[in-house]
Each structure stands twice: as structure tokens, then as C-alpha cells.
Amino acid sequence: VVLVTIGAVGLGCQQLQLDQRPDRVVALQAAAAIGQGHLMALYDQAMARHGISVAQVLLTRSDLADRRRYTNASSTLMQLLEWGVMPVINENDVVAQPEKRKLFKDNDSLAVLIALELRAQLLLLLSDVAGVWRGPPPPGQAPDVVRILTRDTKINYGVKSARGRGGMEAKVE
């Protein structure tokens with residue numbers, strides 16, 4: 001199992017007791033620097049209960065675009081898996097350059113790249129939203145959840161969560 005995660009910026013903001021996510025890139029990067037250790041501690045504690053070791057792997061677009069760095073990252077992931085260690089992958093938000101996000105724009109697309117590289121048998125994209133909705137529900141009503149999604153299914157994705165970059169649209173894409 002390989003886990004691609006988010007949460008470093010959010011945990012950093014929580015540690016700083018910020019009411020809202022910063023707008024400035026440098027503040028987001030600093031929050032990520034604070035939150036990354038906390039994020040890994042949570043995964044380490046959760047997986048240790050099941051006898052599973054975890055390893056932090058931070059990647060950027062440059063790591064995947066440069067052939068040598070890509071090969072190094074891929075080889076490291078394969079070695080961790082061979083040892084039975086679960087890689088916990090996140091974009092390296094401390095040094096990432098948001099204006100240069102072309103290879104992957106969020107962790108859902110990063111997960112797809114990792115799954116393809118590792119020739120994964122299955123890719124699960126998790127969300128705290130109960131399914132793909134045809135559109136935002138009217139106040140007080142349950143959402144119209146799409147049971148079978150095809151390329152022709154019409155979806156109004158609505159507004160993205162303030163916590164993430166990709167939202168449900170990125171998962172479907």
C-alpha cells in the first residue's frame with residue numbers, strides 16, 4: 001500500500017491557531033513546514049498499531065520531470081515496498097512552486113502518476129464527501145448522488161472546499 005496524502009498545510013495552520021488558510025505562498029510553505037512533522041506523526045502512530053512502518057516521501061514537479069530524480073524516487077518507493085514499509089507521499093509544499101504546477105496540479109493527479117509508475121492494481125481516491133453529486137443540493141435537501149459515472153454524466157461540481165486544491169472534479173478527472 002502506498003498512501004498519497006494532504007494535510008501538512010492544514011495541520012500547520014492548526015498548530016499556529018490560524019482562523020483561515022493564508023493567502024501568501026510563503027505563509028503556506030511555512031505552515032507546511034510546521035505541519036509535515038505532525039502529519040507524519042499521526043500516520044506513524046496510526047499504522048504502528050497494525051505493525052506497519054511508514055516512510056515520508058516528499059515530491060515536487062521537478063522530482064517527476066527530471067529523469068534521474070524520477071528514477072531515484074521510483075527506486076526508493078520500490079525498495080520501501082520490498083521492505084514492507086508504507087510510503088506516505090505528499091507534495092513538498094515547502095519548496096513547491098504553485099505557479100509551475102503542470103505535471104500534477106493536486107494530490108489526486110499525483111496519486112495517479114504514482115499508481116501508473118508502480119503499475120498499481122487499484123487506485124482509491126478518498127474523500128469526506130459522500131459520493132459524486134449531480135450538483136450542490138438545495139438547502140436542507142439530500143444531494144443527488146451519481147450511482148454510475150460515465151464520460152457522458154453531467155455534473156455541476158460547485159465550489160471547491162477551502163481546504164484543498166482539486167476537489168471532487170480532480171478525483172473524477
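In what follows, every heavy atom counts, from backbone to side chain, and hydrogens, waters and symmetry copies are set aside. The model shown is predicted, which means the values in this text are computed figures rather than measured ones.
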Fill in: Co-membership, hydrophobic cluster, residues V88 and L118, 4.5 Å side-chain
no
Discussion item. Run the side-chain contact (heavy atoms from CB on, under 4.5 Å) test on E117 and L113 for me, step by step, so that the C-alpha distance in whole Å, both residues' side-chain angles and the decisive distance to 0.1 Å come before the verdict.
Written reply: CA-CA 6 Å; E117 172 58 26; L113 291 173; over 6 Å; no
Item to complete: List the steps, then state whether side-chain contact (heavy atoms from CB on, under 4.5 Å) holds for V132 with V145.
Response: CA-CA 6 Å; V132 177; V145 177; 6.0 Å; no
Fill in: Worked check of side chain to side chain donor-acceptor pair (under 3.5 Å) between D63 and T60
CA-CA 5 Å; D63 296 322; T60 64; 3.2 Å; yes
Fill in: Residues clustering with L124 (ILVMFWY side chains joined when closer than 4.5 Å, directly or via others)
L122, L126
Worksheet item: Rounded to the nearest 0.5 Å, how far apart are CG of N92 and CD of Q29?
Response: 9.0 Å
Discussion item. Is there a continuous path of hydrophobic side-chain contacts, each under 4.5 Å between heavy atoms, that joins L81 to V1?
Written reply: no
Discussion item. Restricting to salt bridge (charged side-chain N to carboxylate O under 4.0 Å, His left out), what partner residues turn up for D66, sequence neighbours left out?
Written reply: none
Worksheet item: To the nearest 0.5 Å, how far apart are CZ in R67 and OG in S74?
Response: 8.0 Å
Worksheet item: Which distance, rounded to the nearest 0.5 Å, do you find between the CD of E91 and the CD1 of I6?
Response: 11.5 Å
Worksheet, complete the sentence: Joining Ile, Leu, Val, Met, Phe, Trp and Tyr whenever any side-chain heavy atoms lie under 4.5 Å apart, the cluster holding L16 also takes in L18, I34
Worksheet entry | Heavy-atom side-chain contact between L123 and I114 under 4.5 Å | no
Discussion item. Is any side-chain heavy atom of V94 closer than 4.5 Å to one of L58?
Written reply: no
Worksheet item: With the 4.5 Å side-chain cut-off for hydrophobic clustering, are L3 and I89 part of the same group?
Response: no
Worksheet item: Taking only residues two or more places apart in sequence or in another chain, which ones pass side-chain contact (heavy atoms from CB on, under 4.5 Å) with T150?
Response: I148, D152, T153
Worksheet item: Transitively linked via ILVMFWY side-chain contacts under 4.5 Å: M86 with V57?
Response: no
Got a list of side-chain donor-acceptor pairs under 3.5 Å for residues 36-55, not counting sequence neighbours?
unit_1: Q36; atom_1: OE1; unit_2: N90; atom_2: ND2; d: 3.3
unit_1: Q36; atom_1: NE2; unit_2: Q56; atom_2: OE1; d: 3.3
unit_1: Y43; atom_1: OH; unit_2: T5; atom_2: OG1; d: 2.6

Practice prompt. Determine, using the 4.5 Å side-chain heavy-atom cutoff (strictly less than), whether W83 and M78 are members of one ILVMFWY cluster.
Written response: yes
Fill in: ILVMFWY clustering at 4.5 Å (side-chain atoms), partners of L28
V9
